[in-house]
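Structure, as structure tokens:
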There are 2 protein chains.
Amino acid sequence: MTVQPAREHRRTRQRAAVDEVLDETADFISAQELHALLRARGAGVGLATVYRTLQTLADDGRVDVLRSDAGEAVYRRCAREEHHHHLVCRSCGATVEIAGPTVERWAKSVADQHGYADVSHTLEIFGTCPRCAA
Amino acid sequence: MTVQPAREHRRTRQRAAVDEVLDETADFISAQELHALLRARGAGVGLATVYRTLQTLADDGRVDVLRSDAGEAVYRRCAREEHHHHLVCRSCGATVEIAGPTVERWAKSVADQHGYADVSHTLEIFGTCPRCAA
DNA sequence: ATCAAGACTGACAACCATTGTCAAAACCTC
DNA sequence: GAGGTTTTGACAATGGTTGTCAGTCTTGAT
Ligand SMILES: [Zn+2]
Ligand SMILES: [Zn+2]
Ligand SMILES: [Zn+2]
Ligand SMILES: [Zn+2]
């Protein structure tokens, strides 16, 4: 019995294109925006494919997802893959990655106190970045 | 020139009905669910009106809003109107209101350090409540 | 009580992000 | 190259939410 190589996803032109945009984009971006970008730069990719690719990346923890004020899902390739949070500019989307060890412990302890198990949490900070503060 | 009394919203049967359901419901509930509830108990209210009413209540800070995993907006009348957060059961929706003074200060300080102004944040803790832990 | 002004309602259409469909295309292994 | 699997993409379908607008209801004033 041979050890099966971890079945990775295939590398296709479409996935490479999505990956490239994510690497070049510092801010959170929606699937629709990403799709428009790709179309604009010639390397067209089907909208459904963009959604599927982002979904997969998110499942694999290779991109972070959060919901904009409008409820639209937005994606970002973060420098660190470990758990962290974000300080996001409401106006231009400029993002700073944040670590908060104290908050992590606090959240866990609060959940424990109330007997909640299998705990997770969401935490994002929004504001107006220096460049957008006219 | 007489001083105008603060123009409040009008009191209508529909808004009273929505209010009543919110007071009776301990868990976060979606607009669609609330609409179905009202219809079921006879006091029918138009779906658009339910949405508008919840929107208004949220704007006035009279109900809390957050997004379910599915991206659907869910609403809840909380005991305290001051800023707070929630510990929510992923399975049954049972909710505990949480205050986190330390987190509040931390969030503000992080934003300040990066020059972000007009700061707000979202923070919710999810888990499985004691009753749902089979 | 009556009335006018305008806030509110609701059935329905419109929107729009996201997902489902499925035949064609790309890819991999033998 | 053949056969089997994965991926793609145009299009339809879904579903929450908002827009429309004529008719209804509240309210404050008469
Ligand atoms: Zn900015
Ligand atoms: Zn965290
Ligand atoms: Zn529960
Ligand atoms: Zn807070």
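Side-chain atoms are counted along with the backbone in the values below, which use heavy atoms only and exclude waters and symmetry mates. So you know, we letter chains A, B, ... as the sequences are listed, proteins then strands, and number each from 1. In this text, all values refer to a predicted model and were calculated from it rather than measured experimentally.
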Whether [Y] and [X] form a salt bridge (side-chain N of Lys/Arg under 4.0 Å from carboxylate O of Asp/Glu) is what I want to check.
| X | Y | value |
| --- | --- | --- |
| Asp19(A) | Arg15(A) | no |
| Glu97(B) | Arg76(B) | yes |
| Glu24(A) | Arg41(A) | yes |
| Arg90(B) | Asp118(A) | yes |

Q: Indicate, with a heavy-atom threshold strictly under 4.0 Å, whether Thr12(B) touches base, sugar-phosphate, or nothing.
A: sugar-phosphate
With a 4.0 Å cut-off on heavy atoms, is Ala70(A) in touch with a base, just the backbone sugar-phosphate, or nothing at all?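 Contact class for Ala70(A): none.
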Check this one for me: any side-chain N or O of [X] less than 4.0 Å away from OP1 or OP2 of [N]?
| X | N | answer |
| --- | --- | --- |
| Tyr51(A) | dT19(C) | no |
| Arg13(B) | dG10(C) | yes |
| Gln14(B) | dG10(C) | yes |
| Gln55(B) | dT18(D) | yes |

Using whole Å, report how far [atom1] of [X] lies from [atom2] of [N].
| X | N | atom1 | atom2 | result |
| --- | --- | --- | --- | --- |
| Leu34(A) | dG9(D) | CG | P | 13 Å |
| Ile29(A) | dA17(C) | CD1 | P | 14 Å |
| Leu47(A) | dG20(C) | CG | C1' | 13 Å |
| Arg11(A) | dT7(D) | CZ | P | 13 Å |
| Leu54(B) | dT9(C) | CG | P | 12 Å |
| His35(A) | dC16(C) | NE2 | P | 16 Å |
| Arg15(B) | dT27(D) | CZ | P | 10 Å |

Which nucleotide in [options] has an atom nearest any side-chain atom of [X]:
| X | options | result |
| --- | --- | --- |
| Gln32(B) | dA26(C), dG16(D), dT8(D) | dG16(D) |
| Arg67(B) | dT7(D), dG10(C), dT17(D) | dT17(D) |
| Arg10(B) | dC28(C), dT8(D), dC25(D) | dC25(D) |

Check: Would you say the base of dG20(C) and the side-chain of Arg52(A) have a donor-acceptor pair closer than 3.5 Å?
Finding: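 Counting by modelled atom types and ignoring angles, no donor-acceptor contact under 3.5 Å is found here.
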Query raised in the report: What distance do Gln32(A) atom CD and Leu37(A) atom CG have between them, rounded to the nearest 0.5 Å?
Result: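 So the CD of Gln32(A) and the CG of Leu37(A) are separated by 12.0 Å.
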Heavy-atom nearest nucleotide on DNA chain C taken for Gly46(B) and for Glu72(A); more 5' hit belongs to Gly46(B)
Judged by nearest nucleotide, the residue sitting upstream toward the 5' end of DNA chain D, Arg39(A) or Tyr75(B), is Arg39(A)
Taking for Ser30(B) and for Val45(A) the nucleotide of DNA chain D with the nearest heavy atom, the one nearer the 5' end belongs to Val45(A)
